[in-house]
Amino acid sequence: LLDCIKKILDERLTKKQKFIIEFLRDRKIDSVTRLVKIVSNELNCSESCVWNNVNSLKKCGLIVNGTGPVRLNRIFKYF
């Protein structure tokens, strides 16, 4: 099942979404707004573009925010 999920993520996520996931693997960011600003600078793209990608990842449940820092879903512990 994990191999299947990994293939789906590799196939269906955009480069920017993959970048956001990799970025969150290594860092703790205290808010989504801060994440958007940092990633926007790193990728040299608009904040609205990053917001769209972050919201898509949140909608799918791949990233989580609320109390505490923005984080990846627990499923990423297995990759």
Side-chain angles (χ1 to χ4, degrees):
L1 182 63
L2 288 176
D3 286 337
C4 181
I5 293 170
K6 185 172 171 52
K7 287 179 184 177
I8 291 169
L9 293 176
D10 286 342
E11 186 69 28
R12 301 306 302 167
L13 294 180
T14 67
K15 288 180 184 179
K16 287 180 175 77
Q17 289 168 339
K18 289 176 185 175
F19 180 88
I20 292 167
I21 288 171
E22 289 301 319
F23 188 84
L24 286 173
R25 258 184 221 259
D26 303 328
R27 296 166 187 85
K28 288 190 177 182
I29 306 297
D30 57 345
S31 72
V32 176
T33 302
R34 183 162 158 71
L35 171 67
V36 168
K37 289 180 186 282
I38 294 169
V39 171
S40 174
N41 286 329
E42 289 284 326
L43 294 177
N44 196 27
C45 66
S46 69
E47 288 185 14
S48 63
C49 175
V50 178
W51 271 112
N52 288 334
N53 283 286
V54 166
N55 286 332
S56 291
L57 293 170
K58 284 172 51 178
K59 193 178 211 179
C60 294
L62 297 177
I63 62 174
V64 180
N65 75 309
T67 57
V70 182
R71 59 180 167 45
L72 294 174
N73 184 300
R74 291 177 290 168
I75 192 75
F76 288 102
K77 291 181 183 179
Y78 303 104
F79 295 115

Inter-residue atom distance Leu35.CG - Ile38.CD1, 0.5 Å rounding: 7.0 Å

Chi angles and distances behind the side chain to side chain contact (heavy atoms under 4.5 Å, CB included) call for Phe23, Ile29: CA-CA 10 Å; Phe23 188 84; Ile29 306 297; 3.9 Å; yes

Pairwise side-chain contact, Phe19 with Thr14, heavy-atom cut-off 4.5 Å (strictly under): no

N/O donor-acceptor pair under 3.5 Å between Asn53 side chain and Cys49 backbone: yes

With sequence neighbours excluded, residues passing salt bridge (Lys or Arg N to Asp or Glu O under 4.0 Å) with Arg27: none

Which residues share a salt bridge (Lys or Arg N to Asp or Glu O under 4.0 Å) with Arg34, sequence neighbours left out: Asp30

Other residues, nucleotides, ligands: >12 heavy atoms within 6.0 Å of Asp26 CG: yes

Residue pairs involving residues 13-25 (criterion salt bridge (Lys or Arg N to Asp or Glu O under 4.0 Å); sequence neighbours excluded): Glu22-Arg25

Please table the atom pairs, donor to acceptor, closer than 3.5 Å between any side-chain atom in residues 54-72 and protein atoms at least two apart or in another chain.
unit_1 : atom_1 : unit_2 : atom_2 : d
Asn55  : ND2    : Trp51  : O      : 3.2
Ser56  : OG     : Asn52  : O      : 3.1

Enumerate donor-acceptor pairs with a distance under 3.5 Å from any side-chain N or O in residues 1-9 to protein atoms, sequence neighbours excluded.
none

Results of side chain to side chain donor-acceptor pair (under 3.5 Å) for Ser46 - residues two or more places apart only: Ser48

Shortest non-hydrogen contact from Gln17 toward Arg12: OE1-O, 4.4 Å

